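Just below is one structure, and these are the notes that go with it.
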Amino acid sequence: MKQEFAVIGLGRFGGAICEELSREGMNVLAVDIDEQRVNAFKNIASHAVIADATDEEALKAIGIQNIDHVIVAIGDNIQASILTTVVLTELGIKRITVKAQNDYHEKILNKIGADVVVHPERDMGRRLAQSLISSNIIDYIELSDEHRIVEVKAGKKLYGKNLKELNIRARYGINVVAIKRGSQMIVSPKAEETIAENDILIIIGSNDDITRFEKHYIFE
Ligand code: ATP
């Protein structure tokens, strides 16, 4: 079933979300205060409308209450982003995702009821830094300030060893939740699973525990 989305703010970030959702066949209402930006999305989104998202009446007039998930991608104008989020919360939107410009903005958005706050520049910078530390780190997702999921290439020291003898959970307090082996994905690998060359491990745990594990087994 098609889901209903609205993207408010059609800059590079909001525009990319709008394009991708539309490409995936979703119903997207594209909203911006700037006429030119709106015109650029007329042939991409299901509907593209000019509105000042800080104006509750304007949002009501475009039927925002009927939308399940609203993404606020107003970056530079922090005041407008906050006001828009407040209005959307008051209108009872089920799911609100907002792009934050800095940590202070992020804190406020969390306090006023944004369901998800994204911080793409910071997160991308961190990811890049992680991948610069070691070519073995493929990706990571922050779950909280303390925990993450990482995708790492198995280091040489792991080849030919099974999870039982490595005893990673007891020694490092982390869990190997999946192993990618070529096109195969071994989810919740058994203790007897032996790690092979070119395996990619998906690990969950605290930042400190993962770092200890990586230093020993992943970085070369
Ligand atoms: P980025 O490229 O990082 O996504 P940007 O610099 O292109 O951002 P921003 O200034 O962060 O753009 O704003 C994103 C969009 O939000 C712009 O197209 C702007 O016109 C729109 N916008 C700003 N204020 C409002 C508002 N009150 N209501 C609706 N749209 C707004």
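Just so we're clear, the structure is a prediction, and the values are computed from it rather than from any experiment. Atoms within each ligand, like the ligands themselves, are counted from 1 in listed order.
For ligand 1, the atoms sitting less than 4.0 Å from at least one non-hydrogen atom of A51 are 28 (N), 29 (C), numbered in the order shown with element in parentheses. For ligand 1, the atoms sitting less than 4.0 Å from at least one non-hydrogen atom of A73 are 14 (C), numbered in the order shown with element in parentheses. Annotation for ligand 1: atoms under 4.0 Å from non-hydrogen atoms of D52 are 26 (C), 27 (N), 28 (N).
The nearest protein atom to atom 12 (O) of ligand 1, hydrogens excluded, is given as R37 NH1, 3.9 Å; this is a heavy-atom distance. Annotation: atom 28 (N) of ligand 1 to nearest protein heavy atom, A53 N, 3.0 Å. Scanning all protein heavy atoms for the shortest distance to atom 24 (N) of ligand 1 gives I74 CG2, 3.8 Å. Shortest contact from atom 6 (O) of ligand 1 to any protein heavy atom: D76 OD2, 3.5 Å. Closest to atom 31 (C) of ligand 1 among all protein heavy atoms lies I33 CG2, 3.7 Å.
In terms of polar-atom proximity, D32 is counted as a contact of ligand 1, with an N or O under 3.5 Å from an N or O of the ligand. Looking at ligand 1, you'll find an N or O of R12 within less than 3.5 Å of one of its N or O atoms. Considering backbone and side-chain atoms together, F13 places an N or O closer than 3.5 Å to an N or O of ligand 1.
Residues V70 and F5 are not in side-chain contact: their nearest non-hydrogen atoms beyond the backbone lie 4.5 Å or more apart.
The residues E193 and R181 are annotated as salt-bridged, a charged nitrogen and a carboxylate oxygen being separated by less than 4.0 angstrom.
Contact record, K157 with H216: NZ-O, 2.7 Å, taken as the closest heavy-atom pair.
For D52 (side chain) and I33 (main-chain N/O), no donor-acceptor pair under 3.5 Å exists by modelled atom type. Of the possible donor and acceptor atoms, none in the side chain of K99 sits under 3.5 Å from a partner among the backbone N and O of V117.
In this structure, a donor-acceptor pair under 3.5 Å is present between the side chains of S46 and N27. A donor-acceptor pair shorter than 3.5 Å can be found between the side chains of D209 and S206.
With sequence neighbours excluded, the residues forming a side-chain contact (heavy atoms from CB on, under 4.5 Å) with I138 are E151, K153, I200, listed by chain and number. Annotation: side chain to side chain donor-acceptor pair (under 3.5 Å) contacts of R12 (sequence neighbours excluded): none.
Taking 4.0 Å as the cut-off, K99 counts as a neighbour of ligand 1 on heavy-atom distance.
Taking only non-hydrogen atoms, the option from G11, G9, G75 nearest to atom 13 (O) of ligand 1 is G75.
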